[in-house]
*Asks:* 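Handing you a structure now.
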Amino acid sequence: QVQLVESGGGLVHPGGSLRLSCAAPGFTLEYYAIGWFRQAPGKEREGVSCISSSGGRTYDEDSVKGRFTISRDNSKNTVYLQMNNLKPEDTAVYYCAADPVPINSDYVVPLEDTLYDYWGQGTQVTVSS
């Protein structure tokens, strides 16, 4: 059972930045495509960004395009979500999720939560003045 651990959330002013991390202690993330999702209070969970196991392909939803960047460092077994120019509507619990794929694949798993097998517990991001 893959366990994912998110970190890096917090309180930030509008226009500020945060970098979220997703780690998998004891597991090799190279065998997984990773997606970031978020869930705001009273709303359904939605996809944000995803990355292939190779790191060579990424996808961002329109709501975050140009502001958020997903990346991975397989040598550190960690996936990141750099979030810049944060807005109050970005306030949510952010989750990383993993789906097993061939190692070094450029396949990006669509941001549909039913496609991902493993989930972290989430990290809270609050954007407020």
Side-chain angles (χ1 to χ4, degrees):
Q1 182 78 5
V2 177
Q3 292 186 326
L4 302 174
V5 179
E6 302 97 336
S7 61
L11 172 64
V12 63
H13 294 310
S17 298
L18 284 173
R19 188 177 77 160
L20 305 183
S21 298
C22 173
F27 295 91
T28 303
L29 279 183
E30 287 181 275
Y31 293 95
Y32 298 89
I34 302 295
W36 281 97
F37 294 77
R38 66 186 181 186
Q39 187 166 21
K43 295 187 177 182
E44 293 188 355
R45 187 163 56 192
E46 63 175 1
V48 175
S49 300
C50 53
I51 190 167
S52 62
S53 62
S54 70
R57 286 194 63 197
T58 63
Y59 174 81
D60 302 306
E61 289 292 344
D62 288 344
S63 58
V64 304
K65 199 166 291 185
R67 300 189 298 122
F68 290 11
T69 303
I70 189 170
S71 63
R72 66 192 301 158
D73 185 340
N74 286 337
S75 69
K76 295 183 178 179
N77 210 36
T78 303
V79 175
Y80 304 98
L81 184 67
Q82 178 67 44
M83 306 186 296
N84 297 328
N85 191 21
L86 283 160
K87 305 176 180 180
E89 52 264 41
D90 294 318
T91 295
V93 177
Y94 283 71
Y95 301 89
C96 66
D99 186 48
V101 296
I103 193 171
N104 287 329
S105 168
D106 281 338
Y107 176 66
V108 174
V109 178
L111 286 168
E112 298 176 23
D113 52 12
T114 57
L115 298 178
Y116 288 79
D117 289 348
Y118 305 103
W119 292 80
Q121 294 300 306
T123 185
Q124 176 70 46
V125 171
T126 303
V127 185
S128 175
S129 56

*Asks:* Any side-chain hydrogen bond (donor to acceptor under 3.5 Å, both in side chains) involving residues 116-125? Give me the pairs, sequence neighbours left out, ordered by first then second residue.
*Replies:*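 Of all non-adjacent pairs touching residues 116-125, those that pass side-chain hydrogen bond (donor to acceptor under 3.5 Å, both in side chains) are Q124-T126.
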*Asks:* If you compare all heavy atoms of R67 against all heavy atoms of N85, which two are closest, and at what distance to 0.1 Å?
*Replies:*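 Nearest pair, atom of R67 first, then N85: NH1-O, 3.0 Å.
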*Asks:* Do V79 and Y59 sit in the same hydrophobic cluster, where Ile, Leu, Val, Met, Phe, Trp and Tyr count as joined when their side-chain heavy atoms come under 4.5 Å apart?
*Replies:*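 V79 and Y59: separate clusters.
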*Asks:* Nearest 0.5 angstrom please: L81 CG to C50 SG, how far?
*Replies:*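 That separation rounds to 11.0 Å.
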*Asks:* Verify the neighbour count for atom CD of E44: are there more than 12 heavy atoms of other residues, nucleotides or ligands below 6.0 Å?
*Replies:*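 No, CD of E44 has 12 or fewer neighbouring heavy atoms, counting only those of other groups under 6.0 Å.
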*Asks:* Please report, to 0.1 Å, the donor-acceptor pairs under 3.5 Å made by any side chain of residues 13-42, with sequence neighbours excluded.
*Replies:*
| from | atom 1 | to | atom 2 | distance (Å) |
| --- | --- | --- | --- | --- |
| H13 | ND1 | S128 | O | 3.1 |
| S17 | OG | N84 | OD1 | 2.9 |
| R38 | NE | E46 | OE2 | 2.6 |
| R38 | NH1 | D90 | OD1 | 2.9 |
| R38 | NH1 | Y94 | OH | 2.9 |
| R38 | NH2 | E46 | OE2 | 3.1 |
| Q39 | NE2 | K43 | O | 3.1 |

*Asks:* With a 3.5 Å cut-off and sequence neighbours excluded, list the donor-acceptor pairs that the side chains of residues 95-110 form with protein atoms.
*Replies:*
| from | atom 1 | to | atom 2 | distance (Å) |
| --- | --- | --- | --- | --- |
| S105 | OG | Y107 | N | 2.9 |
| D106 | OD1 | S54 | OG | 2.4 |

*Asks:* What distance separates Y80 OH from S7 OG, expressed to the nearest 0.5 Å?
*Replies:*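 If we round to the nearest 0.5 Å, Y80:OH and S7:OG are 9.0 Å apart.
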*Asks:* R57: which residues meet the side-chain hydrogen bond (donor to acceptor under 3.5 Å, both in side chains) condition with it, sequence neighbours left out?
*Replies:*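 In terms of side-chain hydrogen bond (donor to acceptor under 3.5 Å, both in side chains), with neighbours along the sequence ignored, R57 is linked to no residue.
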*Asks:* Out of L111, D60, T69, which residue meets the side chain to side chain contact (heavy atoms under 4.5 Å, CB included) rule with S49?
*Replies:*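 Single side chain to side chain contact (heavy atoms under 4.5 Å, CB included) partner of S49 among L111, D60, T69: D60.
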*Asks:* Could you pull out all residues at least two apart from K65 that satisfy salt bridge (charged side-chain N to carboxylate O under 4.0 Å, His left out)?
*Replies:*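 For K65, the residues satisfying salt bridge (charged side-chain N to carboxylate O under 4.0 Å, His left out) (neighbours in sequence not counted) are D62.
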*Asks:* Kindly state each residue pair satisfying salt bridge (charged side-chain N to carboxylate O under 4.0 Å, His left out) with at least one member in residues 120-129, sequence neighbours excluded.
*Replies:*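 Passing the test, one end in residues 120-129: no pairs.
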